[in-house]
Amino acid sequence: MNKEIETRIGQNIRRLREKVNMTQDTLAARLQVNGCDITRSAVAKIEVGQRHLYPDELMLIKQILRVEYEDIFQMDD
């Protein structure tokens, strides 16, 4: 995947997470409860584009943050 795209998606996830006043720890815990083997550190790496985002993680992040895919994949500023 394109590094710029991964970085932008990660920034979007961080912005959306912060918008609902959720910590990385809380997001990781909610992902874990729903079956994703992920740590807070992995969430942090996703948010800065250092780790790939798996489809199941993406689907759950969308549900947990109560956003649309368009919000996550938004590429314009």
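Residues: numbered from 1 along the sequence shown. Just so you know, these numbers come straight off a predicted model, no measurement behind them.
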- Might you point out which heavy atoms bring A28 and I38 nearest each other, and give the distance in Å? O-CG2, 4.0 Å

- Query: What is the distance from atom CG of L60 to atom CG of N34, rounded to the nearest 0.5 Å?
  - Reply: 5.0 Å

- Would you confirm whether E57, through its side chain, and Y54, through its main-chain N or O, come within 3.5 Å as a donor-acceptor pair? yes

- Separation between CD1 of I61 and CG of L31, rounded to the nearest 0.5 Å: 5.5 Å

- Item | Atom pair CD/CG of Q32 and L27 - distance to nearest 0.5 Å | 10.0 Å

- Just wondering, do I72 and V67 contact through their side chains at under 4.5 Å, heavy atoms? yes

- Query: Hey, what do you get for CG (L53) to NZ (K45), rounding to the nearest 0.5 Å?
  - Reply: 14.5 Å

- Task: Give, for atom CG of L65 and atom CD1 of I13, the distance between the pair rounded to the nearest 0.5 Å.
- Result: 8.0 Å

- Item | Q74 side chain vs D76 backbone, donor-acceptor pair below 3.5 Å | yes

- Hey, quick one: are I46 and M75 part of the same hydrophobic cluster, counting side-chain heavy atoms closer than 4.5 Å, chains of contacts allowed? yes

- Would E4 and R8 pass as an ion pair if we require N to O under 4.0 Å? no

- Task: Ignoring hydrogens and angles, state whether a donor on the side chain of E47 or Q11 is under 3.5 Å from an acceptor on the partner side chain.
- Result: no

- Message: Using modelled atom types and a 3.5 Å cut-off, is there a donor and acceptor pairing between side-chain atoms of T26 and backbone atoms of M22?
- Response: no

- Hey, what do you get for NZ (K62) to CZ (F73), rounding to the nearest 0.5 Å? 11.0 Å

- So, are R51 and E6 salt-bridged, with charged N and O less than 4.0 Å apart? no

